[in-house]
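Every number for a ligand or one of its atoms is a count from 1 in the order of the listing. Just the heavy atoms: all of them, side chains too, but no hydrogens, waters or symmetry mates, feed the values below.
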Amino acid sequence: MNRHYQHLVNKLEEITHLNGVMSTIGWDQEVMLPAGAAEARAMQISALAGVIHERMTDPQLGDCLAELTNSGMDAFNEFERCNIREALRSYELETKVPKRLVQELAELGSRGHGVWVAARQDNKFSDFAPVIKRFLDLKQEWAQCVSPELSAYDANIDLFERGTTMATITPIFERLKQELIPLIHAIQAHAVQPDTSFLQGHFARDKQEALARQISRDIGFDFDQGRMDVSVHPFCGGSHPTDVRITTRYKDSNFVESLYAVIHETGHALYEQGRPHALGDLPVSESLTMGIHESQSLFWERMIAQSKPFCQHYFETIRAAFPDNLQHASVDSFYRAINTCKPDFIRVEADEVTYPLHIILRYEIEKGLFDGSMRVDDLPEIWNELMMKYLGIQPPNDALGVLQDSHWSGGAFGYFPSYTLGAMYACQFYNTLLREQPDTEKHISNGHFAPIKQWLNEKIHRQGRLYTPQELVQLVTGEALNPDHFIGHLKHKYSEIYGLTSV
Ligand code: ZN
């Protein structure tokens, strides 16, 4: 093997292993850490972040990459080329930004979080506004350093969903608005809301946990190479495809939330466990982007677990876990109850029809802030106007409006579109699966999930980073991202649930 390439592999594997340690202590912080150890842990994380940054910006790594790219890439196979390309991308992201800017972004990110928590508590946007203003300046400067050829907002989107720009997103989001706003109106106007009373009550935590573990295992989570624990916010972490850790939280009054959080995180976990790590702990074997990751969680949560065949398979199991609550429910009433559509203020609690409008609102605000057509000080009014326009409701205060998300407090601008891109990818992947394996719904109603997981493993998980998201979607589904799949799915499903004839 090429001497420089071997050198690169050694350096990249070391960085991957250090990142694995970082991820483990991050998980530990969310799940296990005694409250008194927070400060010590912050110092440990900061020290390790420094080491990783040093490794990633090591001039020897830069020399090595220069040797490899100058020597012509033809000598390498597609996996090796991917490693070189990915290493170059992250080396440039790390080294093109002056140290002063890196430090100021990190400092503002950690201070911003505290400012946001307090502002939300006091319901006072003006306390948080200066953080957003400073971030916008820093993020414009950052974009100029890393991707001077892109507009500042596009450069920020590219960090989470590479290759995707406003030119792609805007027309797709316009279509979604055109189709979903009338659908939501029709649902609101026509229908009696499904009965959800049997989803309220008391649900023993041990029963909730046993059910969640069973379903997670059934759909393919490998507990020999993973764990499930409890944290304040559900997430999927871990250090390696052989060590994938999901979390959830339990509410005594609501088992659906916890169960579906587990299914969502299991979707992320199956992607992680399915990564091609036999190729080495290298960039080529990593997951692709935020949007593709979210497509995998939403595939299981929305396309599979909120479907009728899934309810048919699990309803009796669920009723057996909570016999008092669900004694008068049926497969059909359960299916309807977990698929209610109702505009509400909070994004993370939104159903699959209204969710995209929460995202579009944030996207339009971020776009307006970056191109200067919106002012930070006006955000509470802009937010409320858009909520009224898109969902027909007015948040009673900013805590339930513009202050609800943590993303901007850490400088994550350009992240929100990934959620809805993920939902659209998930639906397009699912339609392709139905075309290629017409028995899929029958399999789901029999609890036979292995063929579905195998299909995702083969088509998506094992591709690692060989392709861009756009190439992957084209390769798997035979077409570019096409919102018709998602729109068609929502219209069909919710027309049936709500008995609509006009949409
Ligand atoms: Zn997710």
Side-chain angles (χ1 to χ4, degrees), residues 23 26-27 30-31 157 159-162 164 169 212 215-216 219-221 226-239 241 243-251 256-275 286-307 310 338 346-360 362-363 404-408 410 412-430 452-453 456-457 460-461 469 472-473 481 486 489:
S23 179
W27 170 87
E30 301 297 322
V31 175
I157 296 171
L159 191 61
F160 302 109
E161 201 59 23
R162 64 177 69 180
T164 301
I169 296 175
I215 293 179
S216 181
I219 65 182
F221 186 60
R227 301 178 49 88
M228 186 177 109
D229 297 272
V230 174
S231 65
V232 177
H233 299 289
F235 68 95
C236 173
S239 68
D243 172 19
V244 178
R245 303 177 184 206
I246 59 173
T247 70
T248 187
R249 57 182 167 199
Y250 299 102
K251 269 190 204 158
V256 172
E257 200 181 298
S258 175
L259 179 61
Y260 278 78
V262 169
I263 294 168
H264 181 98
E265 300 310 332
T266 301
H268 284 303
L270 295 182
Y271 189 5
E272 289 297 311
Q273 290 187 331
R275 293 201 278 119
E286 307 233 324
S287 59
L288 191 49
T289 57
M290 301 308 305
I292 297 295
H293 230 304
E294 200 60 15
S295 81
Q296 296 308 290
S297 54
L298 293 174
F299 187 96
W300 288 99
E301 182 193 357
R302 304 278 203 208
M303 305 312 299
I304 306 279
Q306 284 182 230
S307 73
F310 188 90
I338 61 162
I346 300 294
R347 173 185 60 86
V348 295
E349 293 168 6
D351 59 80
E352 62 181 329
V353 189
T354 56
Y355 197 101
L357 293 157
H358 288 270
I359 295 305
I360 293 168
R362 288 155 175 79
Y363 167 73
Q404 67 182 269
D405 298 305
S406 66
H407 299 58
W408 293 338
F413 294 90
Y415 188 116
F416 286 118
S418 309
Y419 293 113
T420 290
L421 290 168
M424 290 188 287
Y425 294 145
C427 196
Q428 194 164 331
F429 289 147
Y430 186 74
I452 302 172
K453 187 187 142 221
L456 293 171
N457 280 153
I460 294 156
H461 308 165
L472 184 70
V473 170
L481 174 62
F486 184 56
H489 158 73

*Asks:* To check your reading of the site, what angle at the Zn ion (ligand 1) do NE2 of H264 and NE2 of H268 form, to 10°?
*Replies:*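 Reported to 10°, the angle equals 100°.
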*Asks:* Any donor-acceptor pair under 3.5 Å linking the side-chain atoms of Q296 with those of H461?
*Replies:*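 H461 vs Q296: donor-acceptor pair found between side chains.
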*Asks:* If we count only N and O atoms by modelled type, under 3.5 Å, do the side chains of E161 and T289 hold a donor and an acceptor together?
*Replies:*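 Note: E161 and T289 side chains meet the donor-acceptor criterion.
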*Asks:* On the 0 to 90° scale, with breaks at 30° and 60°, tag the Y271-H293 ring pair as parallel, tilted or perpendicular.
*Replies:*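 Correct class here is tilted.
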*Asks:* By atom name, which N, O or S atom of E294 is the nearest to the Zn ion (ligand 1)?
*Replies:*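 When I compare the N, O and S atoms of E294, OE1 is nearest to the Zn ion (ligand 1).
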*Asks:* So, is the end of the R227 side chain (NZ or CZ) under 6.0 Å from the ring centre of F221 and within 45° of the ring's axis?
*Replies:*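 Cation-pi check for R227 and F221: fails.
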*Asks:* The Zn ion (ligand 1) to E265: any N/O/S contact under 2.8 Å?
*Replies:*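 Looking at E265, which is the residue asked about, there is no N, O or S atom under 2.8 Å from the Zn ion (ligand 1).
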